[in-house]
Protein chains: 2
Amino acid sequence: MGERRLFRIQRQELLMDEVRQRGAVRVRDLAVRFAVSELTIRRDIAELAAKNLLTKVHGGATQPSDLARPAPVRSRRPASPRFTIGMVVPSLDYYWPTVVSAARMAAAALGVHLQLRGSSYDSGEDRRQITRLIEARQVQGLLLAPTLDGEDVEGMAAWVGSLPVPVVLVEREIPRWTSTSRQIEWVRSDHALGLEMAVRHLHQIGHRRIGLVLSKGSPTSAYLATGWARACADLGLPGDLVLRESVALDVPGHREIIAGLLARCRASGTTALVVHSDPDTMSIAQFCAEHGVRIPQDLALVAYDDEVANLAEPALTAVRPPKAQVGRAAVEMMVARLAGGGRRPSQRLLVLPELMIRNSSAPPARSSG
Amino acid sequence: MGERRLFRIQRQELLMDEVRQRGAVRVRDLAVRFAVSELTIRRDIAELAAKNLLTKVHGGATQPSDLARPAPVRSRRPASPRFTIGMVVPSLDYYWPTVVSAARMAAAALGVHLQLRGSSYDSGEDRRQITRLIEARQVQGLLLAPTLDGEDVEGMAAWVGSLPVPVVLVEREIPRWTSTSRQIEWVRSDHALGLEMAVRHLHQIGHRRIGLVLSKGSPTSAYLATGWARACADLGLPGDLVLRESVALDVPGHREIIAGLLARCRASGTTALVVHSDPDTMSIAQFCAEHGVRIPQDLALVAYDDEVANLAEPALTAVRPPKAQVGRAAVEMMVARLAGGGRRPSQRLLVLPELMIRNSSAPPARSSG
DNA sequence: CAGACTTCGATCAAGGTCGATCACGAACGA
DNA sequence: TCGTTCGTGATCGACCTTGATCGAAGTCTG
């Protein structure tokens, strides 16, 4: 058939074709097919293997494979997988202490070390802290809660995805797709469902006009708004009673804001409020007490974020995000990844909040009709 | 199947594949499958174990695991009270064997008993099997994969939610809200993301018109369609090239359907297809081979569901749902719930598929002018 | 806890494969 | 035309891979 002997390049082209088609080639077969000596084929294979286009094996060649690579230089401590995990959280005095302490306990239980860095709700500071941890070369993995609210969300996401160590996001989620090949893992509370639980609870005990008070600028606000919209749509409630203002005691002018809020409630017949974060809820409760609005008879309250809700008077019904479980699960996920040898599929864990029913929620004083 | 003797690397590649997919392999089985002596398989396993790619056990090998190595601090659970967990799956010959066998292994590792029931893709049969398990009063928890496609989705969901034992759904998700107070947990593959991975892969290597072939009536179809829509929207691809037909070899008239499909591809300039389930993909590949359509030069193929994709010729690029991980995680989640004393927040776990890039996907032969 | 059974791995042996070396011929440029 | 360079081929000892054997070690069952 082959009247003219093929050029080396042509032979190699056909050889690669065969490899791609069948997954492997045999020196013997190719020597016959191309009517050249086996030595020539071997030389072709060696050449292609040097370019990493295929893997040379005894007797032939196969597709590029990592298995052929010489055993990874694993002369390091063979036993005692005492990993060190870095953790960067945006705050050390709100929300995160519970998460961190659970992470600490889980790390201790698993025999790994946890290195904590506080950051702020600022991408630049996040990057700085993360870079410091990486450059110290002490951490094998990172638990991160970066701020993804800024303008450069995509850039930050891509940067996080390109870090040289495995990453598990905590209470955060990379939006849409990241260009990195390995999808980033995360663990977070299902805040949207938590808010739905609050609304459903109020709906179930008879409330038909429910309002929502969101803190400004909190990363969880978006989830809460989503849950709010979903719950209102499902239950056929008006979804427009939303206030996006912080009303905690340390906010200047909070009394005026609350007064306005209560006026709106009266005007619209709103009998219940879901309020983001305990201090804001307690601020409202206190204002109500001072102005003769009875909790829960005149206004039912559900706090989102059960830090101190049980200390209020009356004790506040509250949605409790599963902070401890999130912290623990994040550490466990990271340890599983580090111990899994890089071949474990990524996971994404949603942990559901709990609804703690206390005394600030009760059926509305007079049912309509 | 045993055509010609494989090279060592190919054997090891397939062995690792099996380990990752099923969680474990047996020396005996592999020796038969590869038509080599058991000693050879043992040597392969020893070699891979030396690279920490798997863990050698008596009789075979498993995924790298800390359980088998000298546990540093990890003292076994103090005599877990030997729970019995029931598991009801809709099929025992497709997709589910891998999930079940991983669940079995996890159960064994945790010292609990797993009671399996096969059902069919039918709500009535599901209820019958579940009822039987409950009435026997032998199970403390249930892993369920009920069919939620019928008309009475709400009713089935509510019924599952009202069962007297904890439930973890496997590869299923209760749509929207259930009236039961405790939210049902689930573990499932992120099939939508898996499909996105396939589309993004094809897009990245240069394909601009991509088609989708969905099996009819599969519960995962909905997820795949979602991922398809998302990927097409994100990438600005036409999302209309969808065929909802089974084209496996055992479907009467599959040749005509495939012929029509290829005609449509030619007419629309489609250069790549994502196909649900391996057999359908292989059917298409075979038809192409018979009709001179070259894979991957003329048509790139990506299979969804990596059961036998690596046995095709050329080996099929495929998305592999993390079946084993789903099965294992479901058992672990249930045991955590049973051991947690009812006070543990519910969790919902998404496990990400892997994209196994083989030879059926390559850049299109000539880019459009 | 012991006996039956299976699995493991060290050793030796056989056969195929590799590559260093030397040698040859064709293509190429001055 | 000649010399150089490149691609190729023959040879053979070393090397790689696999298999058979069998005592040792592990696992299961009663």
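Convention: sequence-line order gives letters A, B, ...; per-chain numbering from 1.
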* Tell me yes or no: between the side chains of B:Arg132 and B:Gln129, is some donor less than 3.5 Å from an acceptor? => yes
* To do: Whole angstrom is fine here: how far is it from CD1 in B:Ile41 over to P in C:dT6?
  => 19 Å
* Counting distance only, does the side-chain N/O of B:Asp278 pair as donor-acceptor with the main-chain N or O of B:Glu307 below 3.5 Å? -> yes
* Structure fact -> Rounded to whole Å, the CG-P distance (B:Asp44 to D:dT18) equals 7 Å
* Electrostatic pair B:Arg22:B:Asp29 at N-O distance under 4.0 angstrom -> no
* Could you tell me whether B:Arg8 contacts a base, only the sugar-phosphate backbone, or nothing, with contacts defined as non-hydrogen atoms closer than 4.0 Å? => sugar-phosphate
* For B:Ile45 and D:dT18, what is the distance between atoms CD1 and C1' respectively, to the nearest whole Å? -> 16 Å
* Residue pair B:Ser277 / B:Asp305, side-chain donor-acceptor N/O under 3.5 Å -> no
* Structure fact -> Separation of C:dC24 atom P from A:Leu39 atom CG, nearest Å, is 17 Å
* **Donor-acceptor contact below 3.5 Å, side chain B:Glu125 vs main chain B:Asp122** => no
* Asked: Do the side-chain N or O atoms of A:Arg42 get closer than 4.0 angstrom to the phosphate oxygens (OP1, OP2) of C:dC18?
  -> yes
* Kindly calculate the angle separating the two end axes of the helix from C:dC1-D:dG30 to C:dA30-D:dT1, each obtained from five base pairs, and round it to 10 degrees. => 50°
* For B:Arg26, what residues pass the side chain to side chain donor-acceptor pair (under 3.5 Å) criterion, not counting sequence neighbours? -> none
* Asked: What distance separates B:Arg188 CZ from B:Arg348 CZ, expressed to the nearest 0.5 Å?
  -> 10.5 Å
* Asked: Does B:Thr40 place a side-chain N or O at less than 4.0 Å from the phosphate oxygens OP1/OP2 of D:dG19?
  -> yes
* Starting at atom CD1 of A:Ile9, determine the distance to atom C1' of D:dG7, rounded to an integer number of angstrom. => 12 Å
* **Between P of C:dG16 and CD of A:Glu38, the distance in whole Å** => 11 Å
* To do: Taking only the side-chain nitrogens and oxygens of B:Arg11, find out if one of them lies under 4.0 Å from OP1 or OP2 of D:dT18.
  => yes
* Asked: For A:Met334 and A:Pro166, which heavy atoms make the closest approach, and how far apart are they?
  -> CE-O, 3.4 Å
* **Below 4.0 Å: OP1/OP2 of D:dA10 and any side-chain N or O of A:Ser37** => no
* Can you tell me how far P of D:dT8 sits from CG of A:Leu30, to the nearest Å? -> 14 Å
Restricting both atoms to N or O, compile the protein contacts to nucleotides 24-30 of chain D shorter than 3.5 Å, with distance only.
none

* For A:Ala24, does its backbone N or O pair with a side-chain atom of A:Thr62 as donor and acceptor, under 3.5 Å? -> no
* Do any side-chain nitrogens or oxygens of B:Lys56 fall under 4.0 Å of OP1 or OP2 in C:dG9? -> yes
* To do: Taking atom types as modelled, find out whether B:Ser189 and B:Glu171 have a side-chain donor-acceptor pair closer than 3.5 angstrom.
  => yes
* Round to the nearest Å and state the distance from A:Asp29 atom CG to C:dG16 atom P. => 14 Å
* Using heavy atoms to find the nearest nucleotide of DNA chain C for A:Gly59 and B:Gly60 separately, return the residue whose nucleotide is more 5′. => B:Gly60
* To do: Taking only the side-chain nitrogens and oxygens of B:Arg28, find out if one of them lies under 4.0 Å from OP1 or OP2 of C:dT7.
  => yes
* Report which part of the nucleic acid A:Arg43 touches: base, sugar-phosphate, or nothing (heavy-atom distance under 4.0 Å, all strands). => base
